[in-house]
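Bear in mind the structure is a predicted one, so any value in this text is a computation, not a measurement.
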Amino acid sequence: MKIPLPKNFQPQKPLTINDYQDLIVTIYCSQIQPQQFSFEKLKEKNIISLDEKLSKPIIKRNNLLQLIFDSGIVISIELGRISFYSKINKNIGNLVDLIQKFTQIYNKYNWQKIRLTFKRFLSFPNTGKKGSKFFPDEFINSNLSWNVEGKSPSQVQLNFFYNFPNHPLLLSINQIVVKLKNKSRQGLLFKGIFNYNLREKKSIEKISFLNSIVLHYENNLTIFNKIIDQNILS
């Protein structure tokens with residue numbers, strides 16, 4: 001049986017939820033200084049491939065050297081640390097290779113710590129609702145008053161600390177607004193920080209241990225996403 005529909009009938013649009021993730025690998029060492037490095041030097045040592053192109057001008061200051069590539073990879077070198085950034089997409093393998101090349105070349109450095117920082121943005125469904133009460137309604141006892149002298153908090157952040165053996169995790173949640181395709185979308189930004197201490201490792205063990213962490217970053221990513229999907233959002 002065919003059901004007649006009104007002339008102005010429009011099927012309900014599917015809910016749109018944006019889900020973006022990226023990774024920052026930061027390695028700490030007191031010997032790192034921005035002046036030691038350059039785009040040309042990293043190419044000469046074959047850390048950066050010869051066909052890799054910069055998408056933006058190099059940022060070079062006394063306390064910072066930053067290289068942004070067409071592939072989306074970013075290298076930031078500051079006093080005492082170097083960071084490698086990429087979205088978690090098809091280019092993430094290039095990031096892993098780049099870091100391993102770097103640590104192999106500079107294997108005599110006294111690396112102290114490695115940090116994996118995962119960020120994940122989940123937009124609220126495009127229902128027209130701002131979701132401004134997500135934190136009070138979902139996480140905190142709704143009987144509590146949020147107003148102080150007639151003012152409600154303009155921003156809320158929740159922090160969770162998981163004392164996992166060898167790699168403690170600090171996970172934070174913020175409600176933010178971002179620009180996506182020229183449209184403002186409100187959602188949740190999850191940030192997970194895993195720290196690994198290298199100080200107690202022998203020199204010959206540090207590089208292999210460090211590279212193993214980078215190569216198997218998905219182990220940490222799985223833990224991070226499992227907490228979000230199964231413990232927080234379920």
query = Please walk me through it: do K206 and N107 pass side-chain hydrogen bond (donor to acceptor under 3.5 Å, both in side chains)?
reply = CA-CA 8 Å; K206 282 188 178 183; N107 57 23; over 6 Å; no
query = So F190 and I232, side chain to side chain contact (heavy atoms under 4.5 Å, CB included) or not? Walk me through it.
reply = CA-CA 11 Å; F190 299 88; I232 296 176; 4.2 Å; yes
message = Quick one, S86 with N91, criterion side-chain hydrogen bond (donor to acceptor under 3.5 Å, both in side chains). Give me CA distance, side-chain angles, the key distance, then yes/no.
response = CA-CA 7 Å; S86 175; N91 290 322; 5.9 Å; no
ask   = Given Q21 and L221, is the side chain to side chain contact (heavy atoms under 4.5 Å, CB included) satisfied, shown in steps?
value = CA-CA 10 Å; Q21 296 193 76; L221 179 62; 3.3 Å; yes
query = Step by step, would you call L42 with F102 a side chain to side chain contact (heavy atoms under 4.5 Å, CB included)?
reply = CA-CA 9 Å; L42 293 174; F102 183 89; 4.3 Å; yes
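When hydrophobic clusters are built by joining Ile, Leu, Val, Met, Phe, Trp and Tyr residues whose side-chain heavy atoms come closer than 4.5 Å, directly or via intermediates, V25 is grouped together with I213. Transitive grouping of hydrophobic side chains (ILVMFWY, heavy atoms separated by less than 4.5 Å) keeps I59 and I75 in distinct clusters. Hydrophobic clustering (ILVMFWY, side-chain heavy atoms < 4.5 Å, transitive): I114 and L79 are in distinct clusters. F209 and F84 end up in the same hydrophobic cluster when Ile, Leu, Val, Met, Phe, Trp and Tyr side chains are linked at under 4.5 Å. In terms of hydrophobic clustering, with Ile, Leu, Val, Met, Phe, Trp and Tyr side chains grouped at heavy-atom distances under 4.5 Å, I27 and L64 are assigned to different clusters.
One distance of note links CD1 of I228 with CG of L188; it measures 9.5 Å at 0.5 Å rounding. Taken from CG in L98 to CD in Q100, the straight-line distance is 10.0 Å, to the nearest 0.5 Å. With values rounded to the nearest 0.5 angstrom, L116 atom CG is found 10.5 Å from I223 atom CD1. Taking CD of E218 as the reference point, atom CG of N225 lies at 10.5 Å (rounded to 0.5 Å). With values rounded to the nearest 0.5 angstrom, N89 atom CG is found 9.0 Å from S71 atom OG. Interatomic distance, CG of L67 versus NZ of K60, reported as 10.0 Å (0.5 Å rounding).
Without hydrogens or angle criteria, H167 side chain to P165 main chain gives a donor-acceptor distance under 3.5 Å. Judged by distance alone, the side chain of T103 and the main-chain N or O of I99 form a donor-acceptor pair under 3.5 Å. Here the side chain of Q31 pairs a donor or acceptor atom with the backbone of N110 at under 3.5 angstrom. At distances below 3.5 Å, not a single donor-acceptor pair connects side-chain atoms of K113 with backbone N or O atoms of N195.
Here the shortest heavy-atom pairing between P34 and L65 reads CB-N, 4.0 Å. When every heavy atom of N211 is checked against every heavy atom of Q104, the shortest pair comes out as ND2-NE2, 3.2 Å. Here the closest heavy-atom approach between residue C29 and residue W111 is recorded as CB-CE3, 3.4 Å. E52 approaches K43 most closely through the heavy-atom pair O-NZ, 3.4 Å. Nearest heavy-atom pair, I47 versus K101, reported as atom, atom and distance to 0.1 Å: O-CD, 3.8 Å.
Ring geometry for F118 against F194 counts as perpendicular: the plane angle is over 60°, on a 0 to 90° scale with 30° as the lower cut. The aromatic rings of F121 and Y20 sit parallel to each other, their planes meeting at less than 30°, with 60° as the upper class boundary. Using cut-offs of 30° and 60° for the angle between ring planes, the Y109 and Y106 rings count as tilted.
The number of heavy atoms from other shown groups lying within 6.0 Å of NZ (K226) does not exceed 12. Annotation for N62: atom CG does not count as buried by contact number, only 12 or fewer foreign heavy atoms lying within 6.0 Å. At most 12 non-hydrogen atoms from other residues, nucleotides or ligands lie less than 6.0 angstrom from CG of N166.
Counting heavy atoms from C-beta outward, I32 and F37 have side chains that approach closer than 4.5 Å. A 4.5 Å side-chain heavy-atom check between F160 and I227 finds every atom pair outside the cut-off.
The pair R81-E78 meets the salt-bridge criterion, with a side-chain N (NZ, NE, NH1 or NH2) lying under 4.0 Å from an Asp/Glu carboxylate O.
Of the candidates L23, L171, I193, F224 forms a side chain to side chain contact (heavy atoms under 4.5 Å, CB included) with just one, namely L171.
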